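Residue indices begin at 1 and follow the sequence shown. Heavy atoms only: backbone and side chains are in, while hydrogens, waters and symmetry mates are out. What you see is a predicted model, and the numbers here were worked out from it, not measured in a lab.
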Amino acid sequence: MEKKIINLGIFGFGCVGQGLYEVLNRTKGINARIKKICIKDPNKQRPIDASYFTTDPNEILNDPTIDVVVELINETDAAFHIVSTALRNGKAVVSASKRMIAENLPALYQLQIENKVPFLYEASSCASIPIIRNLEEYYDNDLLNAVEGICNGSTNYILTKIFEENQSFETALQKAQELGFAETDPTLDIEGYDPKFKIVILLLHAFGTFVKPEEVFNFGIHHLNDFDIQFAKQRNCTIKLIGTCRRKNGSVNAYVLPHLVKEHNLLYDVYNEYNGILLESAFTDKQFFVGKGAGGTATGSAVLSDISALLYNYRYEYKKIKQSNQPAFSNDVQLKVYLRYSAPDQVHLADFFNISEKYESVTYRYIVGTINLEKLKEAQWLKNKNVNLLVLEE
């Protein structure tokens, strides 16, 4: 796409869309201009001229002068329709929709091959951290053992306020929503779905493995209470919601769970809306990436980086898919966990391989034990709001 100026057609003008508009207008190094923005509500007040806006998707999708379609909406099915239509129409596409991408990765991969057009989505994984580009380029021939970290800025902000400022969960969540780090309905964030979608995407670029989101177990911070927080503080730990994908014995496992994190762990000092990603490699040991994981301009800068890359004909090569050693996905892995509950009938302790610690009081009980991830994935007792789980560092 060797043009002096590229024309952008944008779908969505919420937090990320406005962030992109801001960073594009403040950046002098990229020759791109917004030609049209498709929105749902034409009557909503917006901070730029009304001539930019349309409610007709075809004004973008069928306009031959638009070079790049930028998809930044929250509706999964509509987002997939936009992206797939644009790719079939021969347009390059940039997206930030992690759920849409995670749920449709095989189809999106095939559409890129069939139509010979690039589809970039750096902003879908860790906002300002260029993790996908690094996995694609720097680690393309490196034997990765693990990719894990904090990849949800909303929950990390909430946990920071709880541990650093002694705020309640409700107060911290409300502040995160006011700042635009969390949605009005925070379910996808606090229950761990959002980081799961990101882990599914990273699994493909790190290991060449396609996995459906429903295969990956997620459990968030929605059951966290003061007893759990005190337990962490007594052990000189903090709590972080961590997404993990790790290669072991020819397979790769992945999950999203809250962890007790000790001070020596690099993720311990990742605060507020920041994300932190640790890579473990056979050749380079551990490397650490940190950057803002939420907010309009942080995510908008990642979208702009993808747009800039298109000027140089960049596309993902998915090199790990083409290699012969991509691991199969498995949930067969043992985890050492803290399990808090109130009454014996709330949990099924027979699911545990062993129990190394046990505590009982009038109000709360907990155990520390080892359980298989497959058992956790099937455990109905974990849906009880009076039960919580934290992974312990070995």
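Between the side chain of Asp306 and the main chain of Val303, no donor-acceptor pair closer than 3.5 Å is present. Distance alone, capped at 3.5 Å, is enough to place a donor-acceptor pair between the Asn7 side chain and the Thr65 backbone. Side chain of Asn265 to backbone of Val261: no donor-acceptor contact under 3.5 angstrom is found. Put simply, the side chain of Asn152 gets close to the backbone of Thr155: a donor and an acceptor are under 3.5 Å apart. Here the side chain of Ser128 pairs a donor or acceptor atom with the backbone of Lys292 at under 3.5 angstrom. The backbone N or O of Ala298 lies less than 3.5 Å from a partner atom in the side chain of Ser301, making a donor-acceptor pair. A donor-acceptor pair under 3.5 Å is absent between the side-chain atoms of Asp228 and the main chain of Leu224, judged by distance alone. Proximity of a side-chain donor or acceptor of Lys36 to a complementary backbone N or O of Glu59 within less than 3.5 Å is not detected. Formation of a donor-acceptor pair under 3.5 Å by the Gln287 side chain with backbone atoms of Glu280 is not found in this model. At least one donor-acceptor pair closer than 3.5 Å links the side chain of Ser95 to the backbone N or O of Ser97.
Listed here is the closest heavy atom pair of Asn331 and Ala254: OD1-O, 3.9 Å. The heavy-atom pair separating Leu144 from Phe207 by the smallest distance is O-CE2, 3.3 Å. Nearest heavy atoms, Ile73 versus Ile82: CD1-CD1, 3.7 Å. Looking at every heavy atom in both residues, Ile60 comes nearest to Lys91 through O-CE, 3.6 Å. A pairwise comparison of heavy atoms in Gly192 and Asn218 identifies O-CB, 3.4 Å as the closest pair. The two atoms that bring Phe288 and Leu266 nearest to each other are CZ-O, 3.6 Å, heavy atoms only.
The cationic group of Arg340 does not satisfy the cation-pi geometry with Phe231, failing either the under 6.0 Å distance to the six-membered ring centre or the 45° limit from the ring axis.
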request  = Could you check Lys383 against Gln380 for side chain to side chain donor-acceptor pair (under 3.5 Å), going step by step and ending with a plain yes or no?
outcome  = CA-CA 6 Å; Lys383 296 178 181 178; Gln380 293 301 307; 3.2 Å; yes
query = Checking side chain to side chain donor-acceptor pair (under 3.5 Å) for the pair Lys240/Asn156: CA distance, chi angles, key distance, verdict?
reply = CA-CA 7 Å; Lys240 302 289 186 182; Asn156 202 51; 3.3 Å; yes
message = Set out, in order, the CA-CA distance, both residues' side-chain angles and the distance that settles ring-ring contact (aromatic ring centres under 6.0 Å, His included) for Tyr255 and Phe217, then state yes or no.
response = CA-CA 5 Å; Tyr255 50 88; Phe217 179 63; 8.4 Å; no
request  = Go through the steps to decide whether His222 and Glu191 satisfy the test side chain to side chain donor-acceptor pair (under 3.5 Å), and finish with yes or no.
outcome  = CA-CA 6 Å; His222 51 306; Glu191 294 190 13; 4.5 Å; no
message = Pair Ser305, Ser308 - check side chain to side chain donor-acceptor pair (under 3.5 Å), show working.
response = CA-CA 5 Å; Ser305 177; Ser308 177; over 6 Å; no
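Annotation: side chain of Phe11 is in contact with side chain of Leu61 (closest heavy-atom distance under 4.5 Å). Residues Tyr274 and Asp269 form no side-chain contact, since every pair of their non-hydrogen atoms from C-beta on lies 4.5 Å or further apart. By the 4.5 Å heavy-atom criterion applied to side chains, Met100 and Val83 are counted as neighbours.
Under a 4.0 Å N-O distance rule, the pair Glu357/Arg235 qualifies as a salt bridge. The pair Arg246-Glu148 meets the salt-bridge criterion, with a side-chain N (NZ, NE, NH1 or NH2) lying under 4.0 Å from an Asp/Glu carboxylate O. Using a 4.0 Å cut-off between charged nitrogen and carboxylate oxygen, Lys98 and Asp194 count as a salt-bridge pair. Remark: Glu317 does not engage Lys322 in a salt bridge, criterion side-chain N to carboxylate O under 4.0 Å. Salt bridge Arg133/Glu137: absent, no basic N to carboxylate O contact under 4.0 Å. One finds a salt bridge joining Glu75 and Lys40 here, because a Lys/Arg side-chain nitrogen approaches an Asp/Glu carboxylate oxygen to under 4.0 Å.
Within 6.0 Å of the CG atom in Asp226, the count of heavy atoms belonging to other residues, nucleotides or ligands does not exceed 12. Remark: His81 NE2 is loosely packed, at most 12 non-hydrogen atoms of other residues, nucleotides or ligands lying under 6.0 Å away. In the displayed structure, Asp41 atom CG is contacted under 6.0 Å by more than 12 heavy atoms of other residues, nucleotides or ligands. Enclosure of atom NZ in Lys212 is not indicated, since only 12 or fewer non-hydrogen atoms of other residues, nucleotides or ligands lie within 6.0 angstrom.
Ring geometry, Tyr338 versus Tyr366: the interplanar angle falls from 30° to 60°, so the pair is classed tilted. In this structure, Phe227 and Tyr364 have tilted ring planes: the angle between them lies in the 30° to 60° band. Ring-plane geometry between Tyr316 and Tyr318 is classed as perpendicular, the angle between the planes exceeding 60 degrees on a 0 to 90 degree scale with a lower cut at 30. The aromatic rings of His223 and Phe219 stand perpendicular to each other, their planes meeting at an angle above 60°, with 30° marking the opposite boundary.
The cluster map of Ile, Leu, Val, Met, Phe, Trp and Tyr, joined by side-chain heavy atoms under 4.5 Å apart, puts Val211 and Ile131 in the same cluster.
With 3.5 Å as the limit, one finds no donor-acceptor pair spanning the side chains of Lys248 and Asn253. Thr54 and Asp56 form no side-chain donor-acceptor contact under 3.5 Å, judged by distance and modelled atom types alone. Side-chain atoms of Asp332 and Ser330 include no donor-acceptor pair closer than 3.5 Å.
Of the residues listed (Tyr121, Tyr138, Tyr109), the one engaging His205 in a ring-ring contact (aromatic ring centres under 6.0 Å, His included) is Tyr121, and it is the only one.
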